[in-house]
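Before any comments, here is the structure.
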Amino acid sequence: MTPAQARALAAALIASADKADAEGATEVGVLQELRALDDAARADLDAAIKAAIDN
Amino acid sequence: MKRTLMLAAACGLTLLAGCASPSPASMPLAATARSHGSMAAATLARVGTCEMDVASDWTALIMFRQRAARDVTNRVINVDQARQVQALADTVRIDLDAACPSAAARLDVARRDAARVTLKTIAQLLEKNP
């Protein structure tokens with residue numbers, strides 16, 4: 001794992017923990033957080049591809 | 001003299017035993033679980049669930065999509081290459097979802113390994129155009 005990946009994973013884990021705290025949950029939904037981040041990254045890449053075609 | 005030697009040997013053995021049993025602070029997680037009972041074992045079980053086995057792969061997937069978005073915007077890669085990354089990334093996602101569908105699931109090692117092969121392909125594709 002690169003340092004950048006480690007920081008990204010740490011940020012995702014902290015975000016999951018914060019969400020769990022806010023909801024009063026005792027389990028951290030790491031997979032849900034990672035899936036949501038991938039959804040966003042996929043959408044961003046789609047948008048970037050479309051913009052590159054349009055330009 | 002003999003008693004002194006026996007005492008010295010006993011002290012030496014005690015010291016060696018102390019060296020073999022590191023302090024809890026420096027023990028790896030597995031050793032901590034063994035010496036600190038069921039609560040630590042439960043924590044260890046949570047840490048050992050499949051979600052942690054695939055977390056780094058998910059992170060790599062996300063970062064590769066982000067990098068491809070930057071690279072196609074900056075014309076480091078072309079649209080076809082970006083589409084290829086997206087398609088490969090989608091395959092990785094399917095494999096990772098199958099490898100670990102939920103935190104409580106058992107890891108499907110074959111699907112996790114298949115995801116890693118595809119991640120390497122994406123890395124090579126992007127690194128051809130640094």
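Chain naming here is simple, since letters A, B, ... match the order of the sequence lines and numbering starts at 1 in each.
- Looking at D38(A), D46(A), L37(A), D44(A) one by one, the single match for side-chain contact (heavy atoms from CB on, under 4.5 Å) with R65(B) turns out to be D38(A).
- There is no contact between A12(A) and chain B, counting heavy-atom distances below 4.5 Å.
- Between L45(A) and A82(B), the shortest heavy-atom distance links the atoms CD2-O, 4.2 Å.
- Between A69(B) and A48(A), the shortest heavy-atom distance links the atoms O-CB, 3.7 Å.
- Contact annotation for R75(B): only side-chain heavy atoms (C-beta onward) come within less than 4.5 Å of a heavy atom of chain A.
- When the heavy atoms of residues 88-107 of chain B are compared with those of chain A, the residues falling under 4.5 Å are D90(B), R93(B), D97(B), C100(B), P101(B), S102(B), A103(B), listed by number.
- Under the 4.5 Å side-chain criterion, counting only non-hydrogen atoms from C-beta, L61(B) is not in contact with L34(A).
- Of the two parts of A40(A), neither the backbone nor the side chain holds a non-hydrogen atom closer than 4.5 Å to a non-hydrogen atom of chain B.
- Between S56(B) and Q5(A) the shortest heavy-atom distance is O-NE2, 3.5 Å.
- A 6.0 Å sphere centred on CZ of R83(B) holds no more than 12 heavy atoms belonging to other residues, nucleotides or ligands.
- Neither the backbone nor the side chain of A51(A) comes within contact range of chain B; no heavy atom of the residue lies under 4.5 Å from a heavy atom of that chain.
- Two different hydrophobic clusters hold L125(B) and M63(B) under the rule that ILVMFWY side chains link at heavy-atom gaps under 4.5 Å.
- For the set Q86(B), R70(B), Q66(B), the entry with the most heavy-atom pairs within less than 4.5 Å of chain A is Q86(B).
- Under the 4.5 Å side-chain heavy-atom criterion for grouping Ile, Leu, Val, Met, Phe, Trp and Tyr, L31(A) is connected to V109(B) within one hydrophobic cluster.
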